[in-house]
Amino acid sequence: MSTVKKYFKLRGINIGSDALHYLESVVTDFTAGKKRTFIEEVASHLQKQSEISRNISRAEIEIAVKEFSLQDDVSGTEFFWVYDAFSIPQLFYDVEKKHYLHAATLNKPPPLLHETADFRNFAFVERYEALFQRMLRNPAFTRPSLDRTKGDGKFTLHLIEELLSSSIPIHNTVVLAMLSSLQEPGKYHLEDPTGAIQLEYNAETSFTGGLFTENIFILAEGWYDEKVFHATGLGMPPAETRSESDKLFGNFNFFGGSSQVALRVSPKLKKLEDKYEDSMFVIMADVWLDRPEVLEKLEAVFRGLADSPPFCFILCGDFISETENMNHAELLKTGLKSLQVILQRYPGIMQQSQLVFVPGPMDIGITGILPRPRLPKNLTKDFEATIAKAIFTTNPCRIQFCTREIVVMREDILTKMCRTLIKEPIPDGRESRFKNLTLNLAKTILSQGHLSPLPTHVLPVFWPYDHALRMPVLPDMVVVADMQEPFIERSSDCLVASPSSFPRHKYQFHVYWPSQNTIELSQI
C-alpha cells in the first residue's frame, strides 16, 4: 500500500485509484516534510466537506489540491468577486448529517424564476427548518423528554402539533413559529409546518430583541391551554456568530462561487488581505445620475480620492430621481454617459477602482420584488465598454474581498418594517428612538438569517430564489442601504450598516476597511 493511500486510510477516507495516481503525481517532487504537510491539508479539507463520498474521486482531489496549494507566491491570485443573486447556491439542511448540502448534490434542478405557488410554502418551511436546527444547537433549548431531569435549566421547545395534541395545559414552554394573521386584523396566530394556534398577549407581555411584524419567526414563551398560546414573552431566535457556525460546519462554502470551501479560510487570501491592509470601499446610495448637483458632489468625492483610489465603489440606486418619468431609460443612459465623462478625468480611479452598481427599488426593470435583476444591458453596454472595471449586478448581491464576506441590499427595509410594526420597541432612555430602531433592525435581520423578514404584500420575493436572501451563517457585513439616516450597528460579530441616501442626507456615505472590518461615516 502506498504511503499516500495509507495516510488517507488512517483518516477513514477511501481514495480511488485514479485520484491516488493524480495526487501522487502532484507530490512526487516534494520533500518528505512538505509532502506530509500537503497531504494533511488535502485530507483535512476532504474531511470537513459534508458532501464527501465513500470513495474520493479524482475531481474531488483536484479541487482540494487547488484550494490548498502551498505556494507562497500570491501575486497572481484573484481576490475579488461579485456574486449576483441568481448565482447564489441553493442549500438544504440534512437532519441526519446535521449539515447543509448543495442542491446539485441532491440532483435538484436549478430553480425557475416563475414557479407554482407551492414554492411560497417551501420557502417558509426552509426558513423555519434552518432556524429550528439553530435553536437545537443552542444549549439554552431542549426538546420535550420523558426524562424530566434532562432539560433542567433549559427552555423546552415544542412543536405546535405537540401542543394541539395535549388535553391538559402545558406550562413554561417555548414555541418557534411564524407570526401570522390568519383571520381578522389584530388577531395573530403562531404557525409552524405542523400547525397553527391562536396567540394571546397583553400589556404585560414583553417584546425583546427585534422589530415584530407579520411573517417574522419568533420565540414565544408562555403557556398553552385549549388551543390558545398565552404569551408571557416574545423574542427573536438568538443569532449564531460566525465563529460558532464555523465550529459546526467547518470550511463549507455558504457564500457563493465555484469553490467548495469558504474562501474566508484561505491562507493565501489572508496574506493578500494583510498586503492590501489600506484598501477601502466607498459605499453610497441614491446616486442620482440625472441631477447635476449629485454629479458635482460625486466628482468631488473622486477628486478627493484621486491620489489614493479606493479599491471599490459600491454605488446603489435609485440612479434616476424622476423614477416615474416616461424617459427613464434615456435619462439613465445619459446619466451613465455623464458619469463616464467624469471618471475619464481621474485615470487612477478608472484603472484601479472597481465600480459595483446595485439597482434600487424604482430603477428601470422589474420593480417592487426581490431579488431584482441588474440594470438592462442595452442601457449600460456603452459605459461597460469604456469603464473596464464596472460591474452591474443584482439587488441583493454578495461581494467577496479576500477573506471578507459582504452582503449588499438596496431596500428601504427599516422604513417598511416600521410601517408594519405590531409593537414598537421601547428605548431604554440611554439612546434615541432612531438608534433603538436601527439596533433592533440589525438584530432582526441577523436573527432571522434573512434580508427581508417582511410580509409578502409589503415586499414580495421571487419564491424560487428566496434562498438568495437567506444567510445560513453570518457574513462580515450586511449593507441595507435604507433611505433613512445613516447608521452603523454591530450585532453577533457582524456589521449592519446603511449609508443613507446620498443626496437626501447631506451627501453622506460610508467608507469601509476590509482588513480591519471597520466602517465609518463620511461626508462631502
Side-chain angles (χ1 to χ4, degrees), residues 79-83 241-242 255-256 263-264 269-270 272-287 297-298 300-302 304-317 348-349 352-358 360 389-391 393-411 413-414 438-439 441-442 445-446 451 471 473-502 505-524:
F79 57 93
F80 179 77
W81 299 264
V82 178
Y83 305 124
T241 65
R242 186 56 185 263
F255 199 65
L263 297 177
R264 63 182 289 118
L269 292 177
K270 183 58 181 171
L272 278 168
E273 192 175 294
D274 294 338
K275 179 180 177 182
Y276 296 107
E277 62 179 353
D278 294 328
S279 295
M280 67 178 181
F281 285 46
V282 172
I283 308 168
M284 55 181 68
D286 282 348
V287 183
K297 292 293 184 180
L298 193 57
V301 174
F302 293 154
L305 297 171
D307 293 335
S308 182
F311 180 82
C312 179
F313 286 89
I314 301 176
L315 305 178
C316 300
I349 290 176
Q352 299 178 46
S353 299
Q354 304 283 343
L355 288 102
V356 178
F357 292 82
V358 180
K389 290 185 175 289
I391 300 172
T393 188
T394 59
N395 179 19
C397 67
R398 300 182 183 183
I399 297 174
Q400 179 98 40
F401 175 80
C402 295
T403 67
R404 295 299 181 191
E405 296 175 350
I406 306 163
V407 175
V408 180
M409 178 178 72
R410 168 62 183 98
E411 184 56 66
I413 190 76
L414 178 61
T438 59
L439 179 58
L441 173 68
I445 291 174
L446 301 183
L451 293 172
M471 297 177 289
V473 300
L474 298 183
D476 294 292
M477 181 171 69
V478 178
V479 177
V480 294
D482 189 276
M483 70 175 180
Q484 297 294 334
E485 295 175 29
F487 65 84
I488 300 168
E489 302 292 351
R490 187 183 290 271
S491 182
S492 301
D493 294 334
C494 177
L495 285 170
V496 179
S498 172
S500 81
S501 172
F502 185 58
H505 290 282
K506 301 178 181 178
Y507 300 101
Q508 298 181 100
F509 56 93
H510 275 159
V511 179
Y512 173 65
W513 284 271
S515 60
Q516 293 89 27
N517 196 33
T518 58
I519 189 169
E520 67 178 36
L521 185 64
S522 190
Q523 185 176 6
I524 193 69

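All values reported here derive from a predicted model rather than from experimental measurement.
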Heavy-atom check, side chain of [X] versus side chain of [Y], under 4.5 Å:
X    : Y    : value
E489 : L441 : no
R264 : D476 : yes
T393 : V358 : yes
M477 : I283 : yes
E485 : T438 : no
V496 : S491 : no
F509 : V282 : yes
F80  : V356 : yes

Write down the atom of [X], the atom of [Y], and the distance for their closest heavy-atom approach.
X    : Y    : result
P514 : S279 : CD-O, 3.2 Å
P475 : C494 : O-SG, 3.4 Å
S353 : P309 : OG-CB, 3.5 Å
D482 : S498 : N-OG, 2.9 Å
V480 : I413 : CB-CG2, 4.0 Å
C316 : A481 : SG-CB, 4.3 Å

Flag if over 12 foreign heavy atoms under 6.0 Å of CG, D274
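Yes - once you tally the heavy atoms of other residues, nucleotides and ligands closer than 6.0 Å, there are more than 12.
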First locate atom [atom1] of [X], then atom [atom2] of [Y], and finally report the distance between them rounded to the nearest 0.5 Å.
X    : Y    : atom1 : atom2 : result
M409 : C397 : CE    : SG    : 11.0 Å
L474 : S492 : CG    : OG    : 6.0 Å
I391 : F313 : CD1   : CZ    : 13.5 Å
M284 : S500 : CE    : OG    : 10.5 Å
I314 : I399 : CD1   : CD1   : 3.5 Å
I406 : F255 : CD1   : CZ    : 7.5 Å

Donor-acceptor under 3.5 Å ([X] side chain, [Y] main chain):
X    : Y    : result
D493 : T241 : no
H505 : M483 : yes
Q400 : C402 : yes

Hey, could you give me each pair passing side-chain hydrogen bond (donor to acceptor under 3.5 Å, both in side chains) that has a residue in residues 513-524? Not counting sequence neighbours.
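Every side-chain hydrogen bond (donor to acceptor under 3.5 Å, both in side chains) pair that includes a residue of residues 513-524, provided the two are not neighbours, is Y512-N517.
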Which residues pass the salt bridge (charged side-chain N to carboxylate O under 4.0 Å, His left out) test with D286, sequence neighbours left out?
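With sequence neighbours excluded, D286 shows a salt bridge (charged side-chain N to carboxylate O under 4.0 Å, His left out) to R410, R504, given in chain and number order.
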Could you check whether E273 and T403, counting side-chain N and O atoms only, form a donor-acceptor pair closer than 3.5 Å?
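Note: T403 and E273 side chains meet the donor-acceptor criterion.
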What class does the angle between the rings of F79 and F311 fall in, given that below 30° is parallel, 30 to 60° is tilted and above 60° is perpendicular?
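Ring orientation, 0 to 90° scale: tilted.
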Determine, step by step, whether M471 and V478 satisfy the side chain to side chain contact (heavy atoms under 4.5 Å, CB included) criterion, reporting the C-alpha distance in whole Å, the side-chain angles of both residues, the deciding distance to 0.1 Å, and the verdict.
CA-CA 10 Å; M471 297 177 289; V478 178; 3.8 Å; yes
ring-ring contact (aromatic ring centres under 6.0 Å, His included) evaluation trace for F401 with F281:
CA-CA 10 Å; F401 175 80; F281 285 46; 5.5 Å; yes
